[in-house]
Amino acid sequence: TRTITAWIFPRSGGADTWYGIMGNQNGQSLRVNKTNRRLELRAGDAGGGQTSWTPDNTITLDAWNHVASVGGTRLYINGTPYTISRTPEGSTDIAIGRGDPGNSTSDFYGLIDDVRIYDRALTQAEIQGIMSPPIPDLVAHWKLDETAGATSALNSAGSGNTGVLTNVNTATSWVSGKIGNALDFDG
């Protein structure tokens, strides 16, 4: 069971209904539904997928939100837990800022900062204290604090896994974030 956390700033002006925070080629994604202002966890392709979500109006547009997904059974927004139905986890390559690495129809529109993946289920107290010193078992932590011109995002957890930036204007996409810098995605 893994835990994924990130700070997101979804903008209200994007054209798409869904803003992909993270996704993989198995059709699994953590995304914002802009219309209903909720966090969604999707597994599977469009023809046979399963989507679980938080109640409507739990995501604030044009503001920073801290989001977390714990093993497909719980979603958190700003430390508040929401129990969801079980969704299978995948282990393929992950795209940050896109719901599916091979599909640009759900690109994130806004800012994403301080992305972390833990190799275990974090507790509510750990998620609420995510700004504190590092929690054990961290396998990936992309602070996204690089500056203009950087073409990759370094993994601060020390386990390799440097993120390669694609479809990003590296000259202008690095902006001030919630913690240090962030990447600005234009949908």
Side-chain angles (χ1 to χ4, degrees), residues 2-14 19-23 29-32 34 37-41 54 58-71 74-82 93-99 107-187:
R2 289 190 172 166
T3 301
I4 299 169
T5 69
W7 282 100
I8 62 168
F9 189 104
R11 293 193 181 111
S12 57
Y19 295 168
I21 300 167
M22 299 179 85
S29 64
L30 182 62
R31 65 190 188 186
V32 170
K34 179 187 74 172
R37 294 191 311 274
R38 66 185 182 207
L39 186 64
E40 297 182 348
L41 184 62
T54 62
T58 50
I59 289 286
T60 303
L61 300 178
D62 300 311
W64 285 105
N65 299 261
H66 186 265
V67 297
S69 171
V70 180
R74 287 186 315 276
L75 294 174
Y76 289 82
I77 301 173
N78 298 321
T80 301
Y82 299 92
D93 291 342
I94 295 172
I96 297 173
R98 177 170 278 186
D107 288 351
F108 195 80
Y109 183 66
L111 307 175
I112 298 176
D113 198 5
D114 201 48
V115 177
R116 302 177 187 207
I117 299 175
Y118 292 89
D119 205 17
R120 66 181 176 88
L122 297 185
T123 67
Q124 181 177 2
E126 288 172 322
I127 289 172
Q128 290 173 338
I130 208 79
M131 304 280 295
S132 301
I135 298 170
D137 304 315
L138 180 65
V139 294
H141 179 193
W142 297 281
K143 292 182 179 180
L144 304 179
D145 280 343
E146 288 73 14
T147 57
T151 59
S152 61
L154 300 177
N155 180 1
S156 301
S159 60
N161 301 317
T162 297
V164 177
L165 304 179
T166 57
N167 300 321
V168 173
N169 182 339
T170 59
T172 60
S173 292
W174 295 104
V175 298
S176 293
K178 177 73 174 175
I179 304 167
N181 287 335
L183 272 175
D184 188 353
F185 293 89
D186 65 3

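All residue numbers refer to positions in the sequence shown, counting from 1.
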Quick one: closest heavy-atom pair of [X] and [Y], and the distance?
X	Y	answer
Ala171	Ala148	O-CB, 3.6 Å
Arg31	Gly20	CB-CA, 4.0 Å
Met22	Val115	CE-CG1, 3.8 Å
Thr123	Tyr76	C-OH, 4.4 Å
Ala68	Thr5	CB-CG2, 3.7 Å
Ala63	Pro10	O-CD, 3.7 Å

Knowing that exactly one of Val67, Thr80, Leu75, Leu41 qualifies, which makes a side-chain contact (heavy atoms from CB on, under 4.5 Å) with Thr54?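 Of the listed residues Val67, Thr80, Leu75, Leu41, the side-chain contact (heavy atoms from CB on, under 4.5 Å) partner of Thr54 is Leu75.
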Can you name the one residue among Phe185, Trp7, Trp64 that meets side-chain contact (heavy atoms from CB on, under 4.5 Å) with Leu111? Trp64
Pair Asp62 + Arg11, salt bridge at N-O below 4.0 Å: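 No salt bridge links Asp62 with Arg11.
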Salt bridge between Arg120 and Asp137, side-chain N to carboxylate O under 4.0 Å?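 Yes, this pair counts.
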Report yes or no: does [X] contribute a side-chain atom to a donor-acceptor pair with the main-chain N or O of [Y] at less than 3.5 Å?
X	Y	answer
Asp186	Asp184	no
Glu146	Leu154	yes
Thr3	Leu122	yes
Tyr19	Gly14	yes

Output the distance between atom CZ (Arg116) and atom CG (Leu138), rounded to the nearest 0.5 Å. 6.5 Å
pair [X]-[Y]: side-chain heavy atoms closer than 4.5 Å:
X	Y	result
Thr58	Asn65	no
Trp142	Asn155	yes
Ile8	Phe108	yes
Asp114	Lys178	no
Leu183	Ile112	no
Asn181	Lys143	no
Trp174	Leu165	yes

Derivation and outcome, side-chain contact (heavy atoms from CB on, under 4.5 Å), residues Arg2 and Asp119: CA-CA 5 Å; Arg2 289 190 172 166; Asp119 205 17; 3.7 Å; yes
